[in-house]
Number of protein chains: 2
Amino acid sequence: MDVFEAVAEPNRRHLLGLLAERDHTAGELVDSLPALTQPAVSRHLRILREVGLVEMRPDGQRRIYALKPDGLQRIDDWITPYRRYWRNHLDALEQHLENR
Amino acid sequence: MDVFEAVAEPNRRHLLGLLAERDHTAGELVDSLPALTQPAVSRHLRILREVGLVEMRPDGQRRIYALKPDGLQRIDDWITPYRRYWRNHLDALEQHLENR
DNA sequence: CCCACACATACGCTTGCGCTTATATACGCC
DNA sequence: GGCGTATATAAGCGCAAGCGTATGTGTGGG
């Protein structure tokens with residue numbers, strides 16, 4: 001499983017969104033996805049950790065999860081060369097509007 | 001199939017990379033992936049078209065595929081707040097999330 | 001016309017993901 | 001030590017993704 005597949009799963013993107021705000025315990029993350037059981041969320045967290053998108057530190061009997069920014073940067077690096085495409089597209093659109 | 005799942009497939013990222021350089025016929029794209037058969041590539045192109053990442057125009061009996069920038073921008077929009085995060089602009093990220 | 005070429009679709013198969021239920025592990029508290 | 005809590009792992013299942021083979025569709029050329 002690579003970082004692209006990890007991010008393709010909607011529940012995992014939901015978890016990343018929460019961790020972008022602040023660190024969360026595993027239990028808080030389980031509560032944030034009431035449609036899923038605790039083992040299902042635990043598996044998602046394991047995958048996110050394996051691809052380097054989050055990191056975990058134990059705190060007593062709890063596990064605190066935190067966003068690890070390096071992982072998403074790999075996606076950003078991939079998308080960078082494409083970014084010029086829609087910039088050119090926008091430039092062309094703006095020019096079109098200005099010429100009216 | 002959404003744009004995240006579409007991009008999660010390595011062969012489809014390969015096709016997008018070629019289309020970022022220039023437009024290609026379906027046959028050229030088939031030749032670029034010798035490990036896959038022609039129908040396999042055709043299905044990948046169909047998926048990329050369905051999620052709005054590429055567009056196709058017929059040219060006689062050939063089909064010319066071109067990159068469509070709007071699709072990847074949806075991924076870029078999603079990743080934008082995280083980009084600020086790994087650049088240590090933590091305050092900007094939190095503000096962005098709170099304003100959603 | 002008819003055939004070759006370029007490409008798409010149909011179908012069946014295998015494989016891996018994501019889920020649930022059940023169970024294991026680890027820690028805190030009394 | 002013994003028990004409840006927090007979290008992870010195991011086992012099994014349904015389903016959809018991705019693949020190849022076979023076939024359909026449309027276009028150009030002789």
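Side chains are part of it too, since the values below use all heavy atoms of this structure and drop only hydrogens, waters and symmetry mates. Proteins get letters first, then strands, A, B, ... in listed order; numbering begins at 1 in each.
For the atom pair CG (A:Asn11) and CG (A:Leu48), the distance works out to 10.5 Å, reported to the nearest 0.5 Å. The CD1 atom of B:Ile64 lies 8.5 Å from the CD atom of B:Glu28; values are rounded to the nearest 0.5 Å.
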Output one line per pair: protein atom, nucleotide atom from nucleotides 9-14 of chain D, and distance, for all N/O pairs under 3.5 Å.
residue: D:dT9; atom: OP2; partner: A:Arg46; partner atom: NE; Å: 3.3

Expected list for residues 67-79 of chain A: side-chain donor-acceptor pairs under 3.5 angstrom, two or more places apart:
residue: A:Arg74; atom: NH2; partner: A:Val51; partner atom: O; Å: 3.1
residue: A:Asp76; atom: OD1; partner: A:Arg83; partner atom: NH2; Å: 3.0
residue: A:Asp76; atom: OD1; partner: B:Arg83; partner atom: NE; Å: 2.9
residue: A:Asp76; atom: OD1; partner: B:Arg83; partner atom: NH2; Å: 2.9
residue: A:Asp76; atom: OD2; partner: B:Arg83; partner atom: NE; Å: 3.4

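Shown for residues 57-66 of chain A: residues whose heavy atoms fall under 4.0 angstrom of DNA chain C, namely A:Gly60, A:Gln61. Residues from residues 25-35 of chain A placing a heavy atom under 4.0 Å of any atom in DNA chain D, listed by number, are A:Thr25, A:Ala26, A:Gly27.
For A:Glu55, there are no salt bridge (Lys or Arg N to Asp or Glu O under 4.0 Å) partners, not counting sequence neighbours. In this structure, the salt bridge (Lys or Arg N to Asp or Glu O under 4.0 Å) partners of A:Asp23, at least two apart in sequence or on a different chain, are A:Arg57. Residues that satisfy the side-chain hydrogen bond (donor to acceptor under 3.5 Å, both in side chains) test with A:Glu50, not counting sequence neighbours, are A:Arg46. Residues meeting the side-chain hydrogen bond (donor to acceptor under 3.5 Å, both in side chains) test with A:Thr25, sequence neighbours left out: none. Not counting sequence neighbours, A:Tyr65 has no partner by the ring pair (Phe, Tyr, Trp, His ring centres under 6.0 Å) test.
Screening residues 1-10 of chain A for side chain to side chain donor-acceptor pair (under 3.5 Å) gives no qualifying pairs among residues at least two apart or on separate chains. Residue pairs satisfying the salt bridge (Lys or Arg N to Asp or Glu O under 4.0 Å) criterion with at least one member in residues 58-67 of chain B, sequence neighbours excluded, are absent.
In 5' to 3' order, the nucleotides of DNA chain C bounding all contacts with chain B (an atom under 4.0 Å from a heavy atom) are C:dC5 to C:dA10.
At a threshold of 4.0 angstrom between heavy atoms, the contacts of A:Leu36 are confined to the sugar-phosphate backbone, with no base atom among them.
Nearest-nucleotide positions on DNA chain C for A:Glu5 and A:Thr37 put A:Glu5 closer to the 5' end.
Between the A:Arg12 side chain and the A:Ala6 main chain, a donor and an acceptor come within less than 3.5 Å of each other. Put simply, the side chain of B:His14 gets close to the backbone of B:Ser32: a donor and an acceptor are under 3.5 Å apart.
Other residues, nucleotides and ligands contribute over 12 non-hydrogen atoms within 6.0 Å of the CZ atom of B:Arg49.
Between D:dC19 and B:His44, a contact under 4.0 Å exists linking OP1 or OP2 to a side-chain N or O.
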